[in-house]
Amino acid sequence: MSGLFISFEGPEGAGKSTQIERLAARLNAANVACKLTREPGGTPLGMQVRSVLLDHDLDIDPLSEFLLYSASRAQLVRDVIRPALHSGEVVICDRYADSSAAYQGAGRGLEARFVGEVTWEATGGLRPHITVLLDLDPEMGLERAAARGQPDRLERADLGFHRRVRQGFLDIAAAEPERFLVLDAEQSAEALEAQIWTAVAATLRAMGREVG
Ligand code: TYD
């Protein structure tokens, strides 16, 4: 595969959407084709699964929750991510498998090995080349997310859950330092944008791509 696969991860309210938009703008300016997608969602099936997962009236068991995220992911990898990578595009995904390891594994308590095995089947072992982790204290993140409107089902979970999720992300990142760019999300949007662009541009150059 000749493309570059980048995922963005982090707790609620860490500013992923802003940074994804800014990275996409930088890539466009450098004439590098990129595809933006998100989890859960990104396909017609994924969009329906998304509305189930974020519905606050539903009581969803942790295993069912994980399998629903995995179903959305399997379809997204097959229909969107792999084809785009095959045609040489940069794929930017707003959340990917690390979210399941952090939210359903560390947060809900599902066994890490089981989460890893199902994820392997769902993705065919496809991992991002770069994962940007925007790290933020969950209290601050939930406050920022609440300012955006009605909290969804995950945002309503207790603070202890969100603390485990944050630690889960940090532990995954520590185990794979070559894939992760961990950034303190309290920095300004401009400072974050610059660090992300430096890392992405360096990787593209190393792949022999022109980035201006
Ligand atoms: P979304 O509105 O996309 O939130 P955010 O802007 O924070 O990305 O909702 C996605 C929610 O689903 C978010 O709370 C994280 C959660 N999630 C999981 O619990 N497991 C997963 O595997 C994924 C992809 C997301």
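Start at 1 with the first residue, then count along the sequence. Counting starts at 1 for both ligands and their atoms, in listed order.
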Taking only heavy atoms of Ser100 into account, list the atoms of ligand 1 that are under 4.0 Å away from them. 21 (C), 22 (O)
For Lys16, atoms of ligand 1 separated by under 4.0 Å from a heavy atom: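 Under 4.0 Å from Lys16, ligand 1 has these atoms: 5 (P), 6 (O), 7 (O), 8 (O).
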For Glu139, is there an ion pair with Arg163 - N to carboxylate O distance below 4.0 angstrom?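 Salt bridge flag = yes for Glu139 with Arg163.
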Report yes if some N/O of [X] lies less than 3.5 Å from some N/O of ligand 1; otherwise report no.
X	value
Gln104	yes
Arg50	yes
Tyr96	no
Glu12	yes

Check: Arg95/Tyr69 side-chain N/O donor and acceptor closer than 3.5 Å: no
Whether the side chain of Glu9 engages the backbone of Tyr96 through a donor-acceptor N/O pair (distance < 3.5 Å, no angle test) should be reported.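 Yes; at least one donor-acceptor contact below 3.5 Å.
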Quick check: does any side chain N or O of Ser70 sit under 3.5 Å from a backbone N or O of Thr119, one acting as donor and the other as acceptor?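 No; judged by distance alone, with no hydrogens or angles, the pair does not exist.
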For atom 12 (O) of ligand 1, which of Phe161, Tyr69, Phe8, Tyr103 has the closest heavy atom?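 Minimum heavy-atom distance to atom 12 (O) of ligand 1 goes to Tyr69.
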May I ask whether Arg73 places a heavy atom under 4.0 Å from ligand 1?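 True for this residue.
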Protein heavy atom at shortest distance from [atom]:
atom	answer
atom 10 (C) of ligand 1	Pro40 CD, 3.9 Å
atom 24 (C) of ligand 1	Glu39 OE1, 3.3 Å
atom 7 (O) of ligand 1	Arg95 NH2, 2.9 Å

I would like to know whether Asp94 and Leu36 meet side chain to side chain contact (heavy atoms under 4.5 Å, CB included); could you show each step before the answer? CA-CA 8 Å; Asp94 185 346; Leu36 299 187; over 6 Å; no
Among Ile130, Val200, Leu27, Leu23, which residue meets the side-chain contact (heavy atoms from CB on, under 4.5 Å) test with Val90?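 Between Val90 and the candidates, side-chain contact (heavy atoms from CB on, under 4.5 Å) is satisfied uniquely by Leu27.
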Determine, using the 4.5 Å side-chain heavy-atom cutoff (strictly less than), whether Val80 and Phe5 are members of one ILVMFWY cluster.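 Linked, Val80 and Phe5 end up in one cluster.
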Are Leu45 and Leu54 connected, step by step, through hydrophobic side chains (Ile, Leu, Val, Met, Phe, Trp, Tyr) whose heavy atoms are closer than 4.5 Å? yes
